[in-house]
Every structure is written in structure tokens, then in C-alpha cells.
Amino acid sequence: MELALQIKDLTVHYGGFTALDCIHLNLEQHTTLGLVGESGSGKSTLARVIAGLIAPHEGKILLGTQELKKKRSREQRKIIQMIFQNPDASLNPKHSIRQILSEPLLFHKIVGRTGVEQRCKELLNQVHLEQKALDKFPHEFSGGQRQRIAIARALSVEPNILIADEPTSALDVSVQLSVLELFNTLKAELNLTMLFISHDLGVINAISDTVAVMRQGKLVEQSPKDQFFIRPKHEYSYELLSAVPKMPKSSTSGGFL
Amino acid sequence: MTSGLKRIWNTPSLLVGMIMFAALILLTVFIPYISPYDPSEQNLSAFLQPPSAEHWLGTDQLGRDLFTRLIYAARTDLKIMVLAEIIPFCIGVFLGMLAGYYGKWIDTVITLLSDTLIAFPFYLIVIIVAFASGAGERGIYITFILVGWIVFARVVRGLSASFRNQEWVASAQTLGLPGVRIILRHLLPNVLPQAVVVLMTDMIGLLVAIVTLGYLGIGITPPTPDWGTMISDGQPFITTAWWLSAVPGFAVVYTGIALSLLGDGLADIWRKK
Amino acid sequence: MMSIQPILEIDALSLAAKSNERLVNNVSFSLGKGESLGLVGESGSGKSLTLRAILGLLPNGVEQIGGTIKSDVSSAMVFQDPRGALDPLCTVVNQLVEVVYYRQRVSRKASRMIALELLERLGLPDSLKKKDRYPSQLSGGQCQRVVIALALACKPGILLCDEPTTALDVTVQRQIIETITNLQHELSFAMVFVTHNLAIAANLCSRLCVMKQGQIVEHGATLDILQNPSDPYTQMLIDSVLPLPELEGSRDSWN
């Protein structure tokens with residue numbers, strides 16, 4: 001398989017604290033890597049380093065064959081997009097949805113001025129929102145809808161790699177399910193390579209092809225999904241998996257089998 | 001009624017502030033048609049007259065109509081107040097966004113500069129500048145460009161620093177937008193409401209400063225009418241014609257209340273949104 | 001499972017905001033001695049408000065407009081955000097001593113003894129006794145243990161838990177829940193457990209109330225509800241629980 005992204009020896013310090021400690025990670029083209037870990041394990045830092053929001057102190061990131069330097073080109077930025085955890089804070093409160101979606105389209109010259117309106121509507125359609133959403137502002141939407149808008153904005157620049165940092169953690173369970181379904185449809189439709197971060201193992205199971213586990217800034221395991229959930233290699237992974245609350249066994253109905 | 005008008009209607013402080021301020025502005029604009037007198041025209045046969053139908057607020061020691069002078073003085077003082085705030089406001093908001101958004105050495109330099117300047121008492125700087133450049137409007141403009149931006153820079157810096165950590169700024173960065181664009185297109189609309197509220201309160205302080213300087217004789221120079229010089233001119237007659245000093249004093253208080261209500265009201269509206 | 005004499009009876013409780021918007025509508029349930037009841041539902045379902053009404057601590061702007069809450073015993077609450085529930089400028093031991101002193105009306109010296117005993121019971125490290133520790137020096141899980149100790153210091157007949165593990169990591173969540181279960185066996189208090197996590201509620205509580213938009217849509221024994229949900233909303237909640245494959249060699253730590 002071809003590698004979309006290679007991370008080598010990545011290290012980040014905050015003062016005396018090592019947030020990322022010599023991380024090696026490979027992202028295969030058109031697959032989804034689920035990244036799990038508890039709070040403070042460094043998974044969000046890793047996401048932000050890959051997205052170019054934090055500069056690493058050591059190590060390098062290869063996008064295909066080219067190395068991503070501290071100063072990234074417009075084209076390199078466009079290829080990697082990110083979706084954040086907090087739906088209340090991920091959209092500029094003073095911009096209408098039209099502004100939010102058209103700005104990246106025009107800035108990266110994805111479409112010309114005349115095609116913007118049409119493209120915005122298509123993007124909304126892709127995330128299952130109505131076209132009349134264009135004239136509204138972020139505060140008029142629910143958390144799940146806002147997360148859909150954030151997804152549409154990230155997709156507007158036609159990225160190859162999508163990083164999702166706990167995109168469903170702030171949502172209600174039913175909404176979480178529909179957003180996960182959306183991710184699954186989109187990654188198949190658009191051939192996306194995804195890095196999906198979550199502390200919820202159920203979510204990771206629902207979306208990933210490969211699972212990586214982080215603990216205290218280190219990567220402790222990277223395994224194919226089926227193997228990870230049944231026979232994890234690392235003791236810590238086992239501990240995580242067995243700590244997940246399960247539905248009582250005797251209940252055989254429902255979708256949790 | 002559109003939703004904007006409805007919101008104003010439902011915010012009494014803003015409504016009252018707007019009416020009070022609008023009344024003052026209308027008076028200053030239409031005073032030549034309202035009053036038959038000239039603000040500088042002396043009439044020594046009718047000096048120190050109490051309020052009457054002819055002279056609504058009486059006359060001063062040189063027989064000038066007090067009401068006419070009061071409104072012409074408002075023209076001077078309000079004009080200076082607004083003009084002296086525009087440049088510091090723009091500088092302050094811009095520097096504040098730079099400091100808050102970029103942090104690091106830019107923030108250190110701007111913070112150091114503002115901390116140093118604010119360590120000098122405001123009136124000391126005005127008096128030095130007034131003596132250096134001569135009394136009058138110019139001294140006020142220069143002083144305010146020097147120190148007026150600090151209050152805006154501080155407020156905006158704090159806001160921008162907190163917005164910088166918000167995810168909508170991070171997502172603008174991942175979309176590859178350059179810093180200047182993020183500052184102008186994304187941060188500016190978010191910091192502006194708060195900055196305008198600060199502007200309203202700051203204008204009150206500036207107005208008081210203008211009047212104080214006029215009173216001390218190093219601000220607006222006669223014969224241009226100004227509330228500060230009016231208060232000081234009326235002082236010798238405080239026992240016989242107290243309204244000479246009291247009326248311009250009241251005008252300052254009135255304007256202050258109007259601006260303060262406007263600021264409060266705007267803050268309310270933007271918070272509710 | 002219903003005991004003969006309930007220690008908490010809520011009858012047709014209705015809560016509303018100042019703007020007359022109904023937040024909790026006609027909620028009734030009762031709780032027997034030593035029993036655990038789970039209140040499950042999504043955000044805005046009114047489950048936390050119901051809990052606060054039992055404690056008599058409604059947030060500003062919310063009023064009880066109908067119904068009665070009858071209880072013979074005292075209740076104490078464990079909050080979602082443990083760090084927010086502790087005074088950051090007071091050492092944890094002193095916070096606990098303070099509560100014991102005022103609630104159990106014993107001498108200063110005795111209250112210190114009781115406080116230290118409680119901390120030990122909750123499995124907090126000995127270093128807490130020897131050195132002055134502030135909440136910021138403890139981990140989230142340790143803070144939550146202190147909060148539970150504070151609640152137990154009131155000797156409650158009912159422990160009210162408002163999403164006590166939502167802010168914690170899974171491994172810590174499991175430890176906290178084990179601790180609560182063990183303490184309940186030892187001290188036999190009754191418990192109302194509010195959570196959005198159906199699996200946790202199912203493991204902890206013998207009865208469930210499923211809440212939606214301020215109303216109870218379904219109420220009954222946990223297993224009955226999970227196996228034969230009568231309300232589509234309950235079914236939807238059950239379907240939203242994301243499945244995990246069976247872990248090989250699992251000791252089946254959850255019951």
C-alpha cells in the first residue's frame with residue numbers, strides 16, 4: 001500500500017513537559033487510522049502538528065514523498081484539513097455559513113466567483129444540510145449541524161487527508177451516530193485518508209481500519225482494527241479495552257451486538 | 001419592524017442613550033436656525049441676565065447668550081472628542097490584534113510600550129505637549145495619539161489572545177489563510193463590538209479631559225466657545241449668577257450619561273446576540 | 001426490587017424557567033432504601049435538573065411549579081466536574097474536615113480522624129495526610145474521590161450522582177464506579193445516578209428512568225427496559241451504543 005503520510009521521530013516539548021516522544025506513524029492511502037488514548041496522552045498535539053498548527057522540535061513529516069517544512073506552501077496546507085472537537089467554537093460566530101464556506105473556495109481558487117454559490121450548495125448537500133442554511137449564522141444551528149458545517153468547510157478545499165480530533169465527543173449519542181455515518185460515507189465517496197482521534201473505543205471501532213494507541217506522549221501500539229479489538233498487543237491497550245463499560249450480556253436485542 | 005430595530009427597542013438603555021445623544025447632535029447642527037444670536041457677539045447693555053424668554057439660559061458677563069454659547073461649545077468639544085478618538089482607536093485595535101494573535105516578541109514589544117506610556121500620568125503628558133506645541137486642539141490630538149490607543153490595545157489584545165486558542169482560528173489556519181487575513185477578516189469582526197463599547201466609555205474620559213484643559217486655560221483658547229472655558233469664566237460670578245458655571249457643567253454630565261447609556265446598551269445587545 | 005417503604009418519593013414534579021418554558025414535566029418516581037436508580041437521557045432531557053431539585057439546589061431562574069418531593073433522609077451530591085466542585089485554595093484534607101465538623105457535629109480533633117478515615121476508605125494515597133495537597137495537585141480521578149468523600153461525610157441516605165465519570169478517562173471511570181459500588185455495599189445508601197451512558201447505568205442500577213425533553217418516557221427494571229424497550233426513544237438510545245468485539249481472554253470485569 002502506498003503511504004499518504006509518514007511521521008518520523010516526531011518530538012514536541014512544552015517547557016519541560018514532553019508532549020510527543022519520538023512518534024513513528026504511517027498513514028496508508030485511503031484508509032482510516034483511529035488514534036486512541038486518554039487525556040494528556042498527546043493525541044491532539046499530534047493532530048495539530050500534522051495540521052501544521054504546532055511546529056515540532058524534532059522529527060519530520062512526509063506528505064507522500066515531499067517533506068513538510070515549518071513553512072508550508074498553500075498547496076500543502078490545502079491537502080491536509082482538520083475538524084475540531086468543540087462545535088461551539090469551530091465556526092467564526094460573526095460569519096454567515098455562506099462566508100464560512102465560500103472563503104476557502106475563493107482563497108484556494110477551487111471555483112471562480114460565479115461558481116461559488118453552486119459549490120456551497122453542493123457542499124451543504126454533501127453533509128445533508130438544507131441550502132437555506134447558507135444565510136444563517138453558526139449560533140442558529142445545533143451542535144451536530146455545526147459539526148456538519150465544519151466538515152463541509154474542511155472538504156471545500158478538496159483535501160486528501162482529513163484529521164478529525166474528537167469530532168463527536170461533544171455530541172449526544174444519537175447525533176454522534178449520524179455524524180459517524182456521514183464520515184463513513186464521505187471517506188468512501190471521496191477516497192479520503194483519515195486520522196480519526198477519539199477517546200471512545202466504540203467510535204474508533206465504528207470508523208477505523210487501523211488503530212494506534214498513545215500513552216504519555218508515546219505510541220504504544222499500532223495494529224489492524226480486527227486484531228486490536230480482539231487480541232491487543234500491548235498491555236495498556238488491553239487495560240483500555242477491558243475498562244469500557246459494556247451492556248449486560250443477557251440483553252440480546254438492539255444494535256449493540 | 002426588522003429584528004435589528006426590535007432589539008434596539010427592547011434595550012431601554014440604548015434607546016435612551018441614542019435619544020439623548022441624537023438630541024444633542026441635532027441641537028449643534030441646527031443652532032444657527034434656532035438661536036438669533038451669535039455666540040461671540042457681545043452686548044454689554046444686557047450682561048449677567050437671568051434666564052428669560054428672550055435669553056433661555058440668561059447672558060454672561062459680556063452679555064452673550066448663554067444657550068447659544070453652550071451649544072456652539074458642544075460643537076467644538078464633541079468634534080474634538082470624536083476626532084481625537086478615531087486615530088487612537090484604529091491604532092489600538094490593530095496593535096491589540098497583532099499582540100494577541102501573534103504573541104511572542106510582538107506582544108512583548110507592544111505590551112512594554114503601553115506599560116511604559118501608561119506609567120506617565122495622562123495630564124502630565126497633556127500639559128507638556130500643550131506647552132510644547134502651544135495650547136489648543138493640536139495638543140489634545142497629539143497627546144491622544146500618543147496614549148489614547150493603549151486602552152483599546154489592552155482590551156483587544158486580551159480578546160484576541162483568547163480567540164487565538166479557539167478552534168475557528170485554528171481552522172482558518174489549517175485552511176492556509178495568511179495571518180493578516182485572519183486578523184482582518186476573522187478577528188476584527190469579533191473584537192470590534194467590545195472595542196466600540198470601550199470607545200464609548202473612553203470618550204467620556206476624553207470629554208472630561210478636554211473640558212478640564214479648557215478650564216485650566218491650556219485647552220481650547222478663547223474666543224472659541226468651549227464648556228471648560230465657560231465654567232472658568234463663570235466662576236467669579238458663582239454667588240450672583242451660578243448658572244453660568246453650572247449649565248456647562250451639567251452639559252458635560254448630560255453627554256457623559258448619554259455616552260455611557262449608549263455603551264451599556266450596545267454591550268447588552270451584543271451579549272444577547 | 002421495590003422495597004415497601006420508599007425513602008424518596010417524587011410526585012408529578014414540574015420545573016420551569018422564568019420565561020415559563022417547561023424544563024421538567026410531571027416527573028414521578030420513588031426510591032427504596034439501598035436501591036439504585038438510573039436517570040438516562042441526552043442533553044436537555046432534564047435529568048440533571050431533576051437531581052438538583054431533589055437536593056434543593058435549583059439553578060437561578062428555574063422554579064418548581066408543581067409536584068412534591070418527599071424524603072425522610074438526607075442526600076448529598078457528586079458533581080460532573082470534580083475540580084470545579086473543590087475549593088482550589090483550601091487543602092483537600094481541610095475541606096473534608098470542615099464538612100465533617102459541621103455536618104456530623106463532632107470535635108475538631110474527631111472530625112480530622114473521621115476525614116482521614118474517609119480518605120483511606122476511598123483509596124486515596126497516604127501522602128494526602130502528611131502533606132498539604134491542593135486540588136490542582138491531584139489528578140481528575142483523585143479529585144472525584146475527594147468529592148465522593150465530601151458527599152459521604154454528610155452521611156447521606158441518598159447519594160446523588162450527576163455524570164460523575166463523564167469528565168474522566170475510561171480506566172479511571174471504571175475505578176471510580178467500582179469504588180462507588182463497593183461503598184454502596186458497605187454503607188448501603190440509596191443512589192440516583194444520572195448519566196447519558198446507557199452501559200454504565202445498566203451496570204450500576206437495578207431500575208432505569210429514560211428521560212426525554214423533561215419527561216420520563218420509560219420506567220422499569222433495567223433488564224426489562226434493555227430487552228423490551230417499549231418507547232422508540234429508548235430503542236434509539238440502545239441502538240446508539242456503539243458495539244465492541246469480544247475481547248479475547250477478558251475477565252469480564254463489568255459484572
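So that the names make sense, note that chain A is the first sequence line, chain B the second, and so on, each numbered from 1.
Neither the backbone nor the side chain of C/Leu168 comes within contact range of chain A, judged by heavy atoms closer than 4.5 Å. At a 4.5 Å heavy-atom cutoff, A/Ile204 makes no contact with chain C through either its backbone or its side chain. Residue A/Leu177 touches chain C through its side chain alone, counting heavy-atom pairs closer than 4.5 Å.
Within 6.0 Å of the CD atom in C/Gln213, the count of heavy atoms belonging to other residues, nucleotides or ligands does not exceed 12. Counting heavy-atom neighbours within 6.0 Å of A/Glu130 CD, excluding the residue itself, gives a total of 12 or less. Heavy-atom neighbours of C/Glu120 CD from other residues, nucleotides or ligands within 6.0 Å: at or below the threshold of 12. Around CD of C/Glu21, the count of heavy atoms belonging to other residues, nucleotides or ligands within 6.0 Å does not exceed 12. Other residues, nucleotides and ligands place no more than 12 heavy atoms under 6.0 Å from the CD atom of A/Glu235.
When all heavy atoms of A/Tyr238 and C/Leu247 are compared, the pair lying nearest together is CE1-CD2, 3.7 Å. Contact record, C/Ala199 with A/Pro245: CB-O, 3.6 Å, taken as the closest heavy-atom pair. Taking each heavy atom of C/Ser43 and A/Asp172 in turn, the nearest pair found is OG-OD2, 2.7 Å.
Interface check for chain C: of the options A/Ser178, A/Pro232, A/Gly40, A/Ser174, the most heavy-atom pairs under 4.5 Å are formed by A/Ser174.
Between A/Leu240 atom CG and C/Arg174 atom CZ the span is 10.5 Å, to the nearest 0.5 Å. Rounding to the nearest 0.5 angstrom, the gap separating the CG atom in C/Leu242 from the CG atom in A/Asn205 is 8.0 Å. With rounding to the nearest 0.5 Å, the separation of CD in A/Gln176 from CD in C/Glu42 is 10.0 Å. Residue A/Ile230 holds its CD1 atom at 10.5 Å from CG of C/Leu244, rounded to the nearest 0.5 Å.
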**Derivation of the side-chain contact (heavy atoms from CB on, under 4.5 Å) call for C/Val170 and A/His199** = CA-CA 8 Å; C/Val170 266; A/His199 68 278; 5.9 Å; no
